[in-house]
**Q** 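Input: one structure, supplied below.
Side-chain atoms are counted along with the backbone in the values below, which use heavy atoms only and exclude waters and symmetry mates. Throughout, protein chains are lettered first and strands after them, A, B, ... in sequence-line order, and every chain is numbered starting at 1. Note that the coordinates shown come from a computational prediction; the quantities given were computed from them, not determined experimentally.
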Amino acid sequence: MEKGGLGLEITELRLGLPGSCGPSLVDKNDKKRVFSEIAEDKNSTTDEKSTQTKSQVVGWPPVCSYRKRNSFQEKDHLKKESKMYVKVSMDGAPFLRKIDLNMHKGYSDLALALEELFDCFGISEALKDADNSEQVPIYEDKDGDWMLVGDVPWEMFIESCKRLRIMKRSEAAKGFGLQLKGFPKGFIKDVTK
Amino acid sequence: MNYFPDEVLEHVFDFLTSHRDRNAVSLVCSLWYRVERFSRQRVFIGNCYAISPEKLITRFPGLKSLTLKGKPHFADFNLVPYDWGGYVQPWIEALAKSRIGLEELRLKRMVVSDDSLELLSRSFANFKTLVLVSCEGFTTDGLAAIAANCRFLRELDLQENEIDDHSGHWLSCFPDSCTSLTSLNFACLKGEINLASLERLVARSPNLRSLRLNRAVPLETLQKILMRAPLLVDLGTGSYVHDPDSETYNKLKTTILKCKSIRNLSGFLEVAPRCLPAIFPICLNLTSLNLSYAAGIHGSELIKLIRHCAKLQRLWILDCIGDKGLEVVASTCNELQELRVFPSDPFGVGHDAVTENGLVAISIGCPKLHSLLYFCQQMTNAALITVARNCPNFIRFRLCILDPTRPDPVTMKPLDDGFGAIVQSCKLLRRLSLSGLLTDQVFLYIGMYAEQLEMLSVAFAGDSDKGMLYVLNGCKKLRKLEIRDCPFGNMALLSDVGKYETMRSLWMSSCEVTLWGCKTLAKVMPRLNVEIINEHDQMEICAEDGQRVEKMYLYRTLVGPRKDAPEFVWNL
């Protein structure tokens, strides 16, 4: 994934001691972050060649969110009204649960709902700081890959999420050893076998 | 003027309708300040965090009408997190405690709770007007309180709000004694409506002139309502779907013929195009038409409809009308002043979308055009130069090319010269949004020519700090500047720190500004709130000054850092 000048390095996950940020987070030569780079980043993991996903950068085109939700293609509207139930599993819990993604406004809202569902806490923290939290929320996307929750804009997430899993950090470390610098897509598949 | 008693001064000031004029008058001398403040009834606050409710109440004890805006404009595009702020509750609480006889409240991009609405409805005996635009945080329970408790309510206008709909009983909360409604707009509600209550409400509101329905109101009910309210001036239909061979539809056709006063038409949230002919007879009278939510009407049907609308001054439409359709608009609607063309499918290939040709056609046929919002596939410098020459009266010019860094497809050059022509020709331009491939040059033009510019929106443009500097130095009347994904950094930000006190606000996201730059600015300018929105919390772990700031929002204020900022907002 490109490290362009968008400041996305802030969201990059590392395991390491608090206070150590590593070498320069800012690539000073990459002054101008071009739109197509951003769009490609978001799609770099998809092999769909479609121009359809090309413009999925947060806030572009600048159509206000109310209008986006309410005016495009009649069939989209119908989809929004319907429920989007996905299964949620949590490591250590005997039963799976189901949650309606459409009922929630964003990631923090979802995290609170999950915490209530499983009567635990730590998921909201996990979304903010995955490095140090006990739980790691991940989801299976349309391609069957397991992704870390929170990377993509909310609307994109609910479109592509098929199921959720709240994984214990110890499980994640087990399958991969302790030296993780980010969560490349492939590894999580191994872990969840 | 010093020889006149205060009452005469007050009477003279009554003729000043604009806020700016009254603000100017209050600066002349302390006598005028005093007379002005006691006689002021309408106050506009463009940033709710620039001043406190207590100061407002102290200065204007005669306040009757208040307008407040909360979140920054880019919140419309999901760039501002959900609980950033903009709460109306402290305002309503303070006003309720005071002796202010509030009659009108207009809010934009604010968080409004049911409790706020309940308190509002109980605190002001003479409350008449509530307008909520792009607000959130409330449900139909709050609306029920307004309906039930505001005995003299005239206007309830809900535009594009996110409202939790607990279903339609709120309409039944208007008491039978409520007969004062002049304007009711609930088009943005998603849930069911008690249709019988709605009909009875319309029947007992003889002064109703503006009514905008939501999706849940079917065509049968529309017909019945129009029978009761033939004097409507502004109509927003709900669901406009029926069998055109049915008796209901025929009844509608006859009823509409009686509605000779309708000048604004909107809605068609669900539509059966074969039913559109029923409205053709009133199209000739229309001055405003909003079909931007009517996704079910295709290009050719839109064109057929437009041909009937010769007197149109304002048109909001989807881009499925195509360039051909815009040519029809150009030849039919010669009185057109405002045009908005929205994308019908922002992520798609967009073969229906409009191009520079549609805009050029409009500029030829509609010389009175002064406000434009245009989403298109592409734009050329030549087209913009032509448009600038044909329409020198632009006040608002917002162009959005769906691929925002697209060059002129004919010459492959940036669109600097095109926008340069616009700012040079349109001397009254107050608002401008740019897109397309743009270098520092366009900002040089803007700084040189856009003397009246008050609001500028920039995305994915420019090459260096010079771009931003040209604008800050050149545009003396600049009030709002919002920038995303541009290579502007600390040098530009800090070059003229005093400038920001002459502006309402500055937004910069995904630019080159660093934490050090923001901290420096905050230190030097205590009357600015410099807020960093930091959603990912990495900054707490390693807040290096050299780190780029993802989102910065700064605004002038008389009341210091706000106390309701959430965890992820840092006030430096």
Side-chain angles (χ1 to χ4, degrees), chain A residues 5-13 18-22 24-26 28 30-36 38-39 50-74 76-77 81 105-109 125 127-129 131-132 150 153-155, chain B residues 74-79 81-83 134 160-162 188 190 269-270 292-296 318 342-349 375 400 402-405 433 435 457 459-460 462-464 484-487 489 509-510 512 514 534-542 544 546-550 568:
Chain A
L6 194 63
L8 284 178
E9 15 328 293
I10 290 173
T11 64
E12 192 182 310
L13 298 171
S20 62
C21 304
S24 71
L25 293 171
V26 170
K28 300 242 176 345
D30 215 49
K31 283 250 163 195
K32 181 171 169 185
R33 184 61 191 264
V34 170
F35 174 82
S36 52
I38 301 170
S50 57
T51 41
Q52 254 196 337
T53 43
K54 182 179 175 188
S55 310
Q56 278 175 25
V57 169
V58 177
W60 196 270
V63 176
C64 79
S65 42
Y66 173 87
R67 184 174 286 280
K68 266 200 180 136
R69 274 189 279 261
N70 290 288
S71 78
F72 301 124
Q73 323 290 40
E74 297 270 281
D76 279 355
H77 174 87
E81 303 260 87
K105 303 188 210 316
Y107 287 117
S108 38
D109 206 18
E125 274 70 46
L127 282 178
K128 292 180 202 162
D129 173 19
D131 288 355
N132 296 324
W154 175 253
E155 283 82 9
Chain B
F74 275 1
D76 284 351
F77 316 130
N78 291 333
L79 288 176
Y82 172 61
D83 32 357
S134 301
E160 305 195 339
N161 303 289
E162 285 301 330
C188 62
K190 302 202 180 82
L269 309 171
E270 268 173 10
S292 63
Y293 286 100
L318 292 172
F342 293 98
S344 44
D345 184 13
F347 302 131
V349 180
F375 285 84
C400 177
L402 291 171
D403 177 354
T405 56
S433 295
S435 62
S457 304
F460 305 101
D463 311 306
S464 74
R484 64 164 292 180
D485 294 276
C486 295
S509 59
S510 306
E512 303 286 322
T514 70
N534 173 37
E535 293 163 276
H536 300 283
D537 261 359
Q538 288 280 323
M539 278 195 160
E540 278 188 36
I541 301 174
C542 50
E544 277 183 3
Q547 194 163 333
R548 250 187 293 198
V549 158
E550 186 54 33
F568 55 80

**Q** Return the minimal non-hydrogen interatomic distance between A:Val58 and B:Asn78, and the atom names on each side.
**A**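 That would be CG1-O, 3.8 Å.
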**Q** B:Ser292 versus chain A, heavy atoms under 4.5 Å apart: side chain, backbone, both or neither?
**A**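 Both the backbone and the side chain of B:Ser292 come within 4.5 Å of chain A.
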**Q** Identify which part of B:Asn161 has an atom lying under 4.5 Å from any heavy atom of chain A, answering side chain, backbone, both or neither.
**A**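 Just the backbone, heavy atoms under 4.5 Å.
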**Q** Looking at side-chain heavy atoms only, is the closest gap between A:Ser65 and B:Glu162 below 4.5 Å?
**A**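 Not in contact.
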**Q** What's the spacing between A:Asn70 CG and B:Lys190 NZ if we round to 0.5 Å?
**A**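 Taking CG in A:Asn70 and NZ in B:Lys190, the distance rounds to 5.0 Å.
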**Q** Over all heavy atoms of both residues, which pair between A:Cys64 and B:Glu160 is shortest? Give the atoms and the distance, please.
**A**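 Looking at all heavy atoms of both residues, the closest pair is SG-OE1, 3.6 Å.
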**Q** I'd like to check the side-chain hydrogen bond (donor to acceptor under 3.5 Å, both in side chains) partners of A:Ser108; sequence neighbours left out, ordered by chain and number.
**A**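 A:Ser108 satisfies side-chain hydrogen bond (donor to acceptor under 3.5 Å, both in side chains) with no other residue.
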**Q** Measure the shortest side-chain to side-chain distance between A:Val63 and B:Pro343 over non-hydrogen atoms and say whether it is less than 4.5 angstrom.
**A**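 Result yes, sub-4.5 Å side-chain heavy-atom pair found.
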**Q** Shorter than 4.5 Å, heavy atoms on both sides: which option in B:Ser509, B:Ser134, B:Cys188 has the most such pairs with chain A?
**A**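 Among B:Ser509, B:Ser134, B:Cys188, the one with the most close pairs to chain A is B:Cys188.
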**Q** Quickly, which of B:Phe77, B:Phe460, B:Phe375 forms a ring-ring contact (aromatic ring centres under 6.0 Å, His included) with A:Trp60? Name it, please.
**A**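 Passing option: B:Phe460.
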**Q** For B:Asp76, enumerate each residue passing the side-chain hydrogen bond (donor to acceptor under 3.5 Å, both in side chains) test, keeping only those at least two apart in sequence or located in another chain.
**A**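 Counting only residues at least two positions away or on another chain, B:Asp76 forms a side-chain hydrogen bond (donor to acceptor under 3.5 Å, both in side chains) with B:Arg109.
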